[in-house]
**Student:** 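This structure is in structure tokens; I'll ask about it shortly.
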Amino acid sequence: MQEKMVALVTGANKGLGKQVAKELVGHGYTVLIGSRDFANGQSAAEEIGEGAVAIQLDVTDAMSIANAVERVTAEFGRLDLLVNNAAISQSGRYASGQEILSASAASVAPLDEVRAVFDTNVFGVLAVTQAMLPLIRSSSTGRILNVSSGVGSLTLNADPNFPFRSHFGVTYPASKTALNAITLALAIELEGTGIKVRAASPSYTATAINDFQGTDSVEVGAQPLILAALDTESPTGSFTGPDGAYPW
């Protein structure tokens, strides 16, 4: 009997991460539910059921990442799929979406706020990916999926008709732009290895990150992510969303 594929989803105790984990389990994967708070991860894993395994993982904590690598190495010896989903829209200082938008303006954004968002959304992704890469190299179908957003596309935001253009700021949106750059850099570096590196955007989904202002359920929102995560055949280095290819 073929061994189950092994996936790790960061920030998987709620929202889109949890839905992605649930669907990957449904596709026969063993899924490690990455969660800063292990108890929250355990609750999510129990709710998802057999095939879901909680793992403590804070993407901003080097020791937490090292411990996670040690555990995956000991229990599985490889990682077939890494979904870098963990992200924040703010550090916690703002009470509403409008406050977040206003404080993201390039002329006024507090630098410590920018650093806090980038620490999770950009540096956290790179740290986890670098640490997990030896395990991904051990897979015959290694894939890295970075959960991005259309609001990070420079091409889209340069278009005056883009509906979210006025929201382009230097915290969350710019962190997704930086994440896209990391995705492309990894894809270029690894294109000779067979490891597929992709960025994908969910649809506008109602989750905690947007104060549940999104229009789609997590079940609908997660679909572009699942398609990109399960794709072992398409070329590396793509950026896709609900309607297909997105411009960088």
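Counting from 1, the numbers follow the sequence of the chain as shown.
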**Student:** Quick one: CG on Leu133 to CG on Leu135, what's the gap to the nearest 0.5 Å?
**Tutor:** 9.0 Å
**Student:** Starting from Val53, can I reach Ile33 by hopping between I/L/V/M/F/W/Y residues whose side chains sit under 4.5 Å apart?
**Tutor:** no
**Student:** Do Asp119 and Thr60 have side-chain N/O donor and acceptor atoms under 3.5 Å apart?
**Tutor:** no
**Student:** May I ask you to decide if Thr171's main-chain N or O and Ser104's side chain share a donor-acceptor pair within less than 3.5 Å?
**Tutor:** yes
**Student:** Under 4.5 Å between any side-chain heavy atoms of Leu230 and Leu24, yes or no?
**Tutor:**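 The answer is yes; the side chains approach within 4.5 Å.
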**Student:** Assess the side chains of Asn180 and Ser148: does a donor N or O sit below 3.5 Å from an acceptor N or O?
**Tutor:** yes
**Student:** In Å, rounded to the nearest 0.5 Å, how long is the span from CZ of Arg198 to OG1 of Thr183?
**Tutor:** 12.0 Å
**Student:** Taking Ser91's backbone N and O only, do any of them form a donor-acceptor pair with Glu113's side chain (distance below 3.5 Å, no angle check)?
**Tutor:** yes
**Student:** Answer whether the closest heavy-atom distance between the side chains of Val151 and Phe168 falls below 4.5 Å.
**Tutor:**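 Sidechains of Phe168 and Val151: no contact.
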**Student:** Where do Gly34 and Leu57 come nearest, in terms of heavy atoms and distance?
**Tutor:**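 Scanning both residues completely, I find the closest heavy atoms to be CA-CB, 4.3 Å.
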**Student:** Do we see a donor-acceptor contact under 3.5 Å between the side chains of Ser234 and Asp231?
**Tutor:**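 The criterion, which ignores hydrogens and geometry beyond distance, is satisfied for Asp231 and Ser234.
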**Student:** Just checking, any donor-acceptor pair under 3.5 angstrom between side chains of Ser64 and Asp58?
**Tutor:** no
**Student:** Gln19 and Glu23: side-chain donor and acceptor closer than 3.5 Å?
**Tutor:** yes
**Student:** Quick one: pull up OG in Ser43 and NZ in Lys14 and give me the separation to the nearest 0.5 Å.
**Tutor:**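 Answer rounded to 0.5 Å: 13.0 Å.
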**Student:** For Lys196, does the NZ atom sit with more than 12 other heavy atoms under 6.0 Å from it, leaving out its own atoms?
**Tutor:**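 Yes - once you tally the heavy atoms of other residues, nucleotides and ligands closer than 6.0 Å, there are more than 12.
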**Student:** So which heavy atom on Ser201 is nearest to which on Leu225, and how close?
**Tutor:**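 Minimum heavy-atom separation between Ser201 and Leu225: C-CD2, 4.0 Å.
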**Student:** Does the plane of the ring in Phe162 sit parallel, tilted or perpendicular to the ring in Phe164? Use 30° and 60° as the thresholds.
**Tutor:** perpendicular
**Student:** May I ask you to check whether Glu191 and Thr236 show a side-chain donor-acceptor distance below 3.5 Å?
**Tutor:**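 Per modelled atom types, Glu191 and Thr236 side chains form no pair under 3.5 Å.
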